[in-house]
Amino acid sequence: MALGFTQIVLWGGSFFLMAVVADPIVGSTGWPQGVVVSALSLAILVSGLCSPWVGRRIRRHGGRPVLIAGTLTLALGQVGLALAPNLPAFLLAWVVIGLGMAGALYDPLFAAIGQAYGAAARSAMTQIAIASGFAITLCWPATSFLVDALGWRLTCVVYAALAVVLVVPLFAFALPAGTRTEPSPPAANAAPGKPAAPCRLPGECILAVTFTSAAVIMTAVSVQLLLLLQAKGLTAGTAVALSTLIGPAQVGARILELVFGRRAHPAWALLVSSGCVGLGLLLLAVAPALAWLAIVLYGAGNGMRTVVRGTLPLSLYGQHDYAAVMGRLARMPLLGQAATPLVCGTLSAWFGLDLLLEILLAIATLNILLSLIVARRTLGAQVR
């Protein structure tokens, strides 16, 4: 649970920060709103480009030093935001935050505990996801309060202080030193005295595309959900109220995974996740009166997705190569997430929200098909 708290603080001060501080930043500085908002996409892009390198560092040195370094880097970027005298300095601060995100959020944390504990890490991953499931519910009101009381610059300083004073000690206390991985047999072509390179499975590209399509849907819904609900005839107040169901649905799905999913292969959870997201989007498109059920299904599927992206690679690759694999698998989804807000905004402006929802449905259908392929290969190999 302590590691789950670290994710609430770190996500609140990075990925979820812009939704609250964008307007105050534009209002106090006069910088273009589009450029200010796109700074988050810049950070996600940097994070995606750095993720494979971070995974290799965790594989070689263990998770504790990498996650601590990532947290301190993120805090440095937050201080840079607070001190930014102009727009280029502001964007540079988000580049630094992106470097920190690559080394401190879910993917490196899952890589660290998966490498340290092997198959036993599944329960820990689910508990972390449960504890951090209400990150938006907690961080958005807290950030709004801080901005009203202190201003957006000091709010960034508060998040930096929390990262240094609370998150760094928790990582130092809760994460084991070293790698603690089981030795893997050397590759046939490995040079004597040198460790084998992380293995690659034939289906790794399909798995990466599967995770990417799910991440794109998650990002698009996070950005466009309120507008999509209003386009289906709901009032703004009702749309906001219904959107609050996502957090409880995510946590509920993760609790079910913790209680009932331990003995099932993670590939089954992948199928449940993609199916729930696809069904939720379909209900929103064809039965707006059931928007509440659509959001619950989407939230449950998205909540399961967070756990699956940590547990499924661990079951496929094993403990030794897990950290490097997580770094590779994180790159494509993060790059997709970086581009999604701009693409969705352009599509909705040019063609309308109904077409955007149809495109998301098509991506969800693709995600289901890819999940079926991954599950068939994985479960079929397990049976053989």
Minimum heavy-atom distance Thr235-Thr238, with the two atoms named: OG1-OG1, 2.8 Å

Min side-chain heavy-atom separation Leu166-Val9 under 4.5 Å: no

Check against side chain to side chain contact (heavy atoms under 4.5 Å, CB included), Leu316 and Leu207: CA-CA 11 Å; Leu316 295 177; Leu207 187 60; 3.9 Å; yes

Criterion side chain to side chain contact (heavy atoms under 4.5 Å, CB included) on Phe15 and Gln337, from CA distance to verdict: CA-CA 11 Å; Phe15 201 94; Gln337 285 182 284; 3.9 Å; yes

Interatomic spacing from OG in Ser51 to CZ in Arg328 - rounded to 0.5 Å: 12.5 Å

Check: Leu175 and Ile113 side chains under 4.5 Å, non-hydrogen atoms: yes

Heavy-atom closest contact (Gln115 atom, Ala323 atom, distance): OE1-CB, 3.7 Å

Whether Trp11 and Tyr106 hold their rings parallel, tilted or perpendicular, with breakpoints at 30° and 60°: tilted

Side chain to side chain, Leu227 and Ser348, heavy atoms closer than 4.5 Å: no

Do any side-chain atoms of residues 298-309 form donor-acceptor pairs under 3.5 angstrom with protein atoms, and if so which ones, sequence neighbours left out?
| residue | atom | partner | partner atom | Å |
| --- | --- | --- | --- | --- |
| Asn302 | OD1 | Arg305 | NE | 3.0 |
| Asn302 | ND2 | Gln250 | OE1 | 2.7 |
| Thr306 | OG1 | Arg254 | NH2 | 3.0 |
| Arg309 | NE | Asp107 | OD1 | 3.4 |

Minimum heavy-atom distance Ala267-Leu312, with the two atoms named: N-CD1, 3.9 Å

Heavy-atom check, side chain of Leu293 versus side chain of Leu283, under 4.5 Å: yes

Spacing of CD1 belonging to Ile25 relative to CH2 belonging to Trp152, to within rounding of 0.5 Å: 4.5 Å

Ala104 to Gln7 - nearest heavy-atom pair and separation: O-NE2, 3.1 Å

Working for side chain to side chain contact (heavy atoms under 4.5 Å, CB included), residues Leu229 and Leu284: CA-CA 8 Å; Leu229 290 172; Leu284 182 59; 3.6 Å; yes

Same apolar cluster: Trp94 and Leu99, side chain cutoff 4.5 Å: yes

Side chain to side chain, Leu17 and Cys156, heavy atoms closer than 4.5 Å: yes

Point-to-point distance, once rounded to the nearest 0.5 Å, from OG1 of Thr210 to CD1 of Ile206: 7.0 Å

Ile128-Met218 co-clustered via ILVMFWY side chain contacts under 4.5 Å: no

Closest non-hydrogen atom pair between Thr143 and Gly12, with its separation: OG1-O, 4.4 Å

Test log, rule side chain to side chain contact (heavy atoms under 4.5 Å, CB included), inputs Ile255 and Ile130: CA-CA 7 Å; Ile255 291 175; Ile130 291 172; 3.8 Å; yes

Neighbour count >12 (heavy atoms, 6.0 Å) for atom CH2, Trp31: yes

Donor-acceptor contacts under 3.5 Å from residues 39-49 side chains, at least two apart:
| residue | atom | partner | partner atom | Å |
| --- | --- | --- | --- | --- |
| Ser41 | OG | Ala338 | O | 3.1 |
| Ser47 | OG | Ala102 | N | 3.4 |

Same apolar cluster (I L V M F W Y, side chains within < 4.5 Å links), Leu226/Leu242: no

ILVMFWY cluster, Met326 and Leu335 together (side-chain gap under 4.5 Å): no

side-chain contact (heavy atoms from CB on, under 4.5 Å) partners for Ala142, two or more places apart: none

Leu109 reachable from Val164 in the ILVMFWY side-chain graph, under 4.5 Å edges: yes

Shortest non-hydrogen contact between Leu81 and Arg153, atoms and distance: O-NH1, 3.6 Å

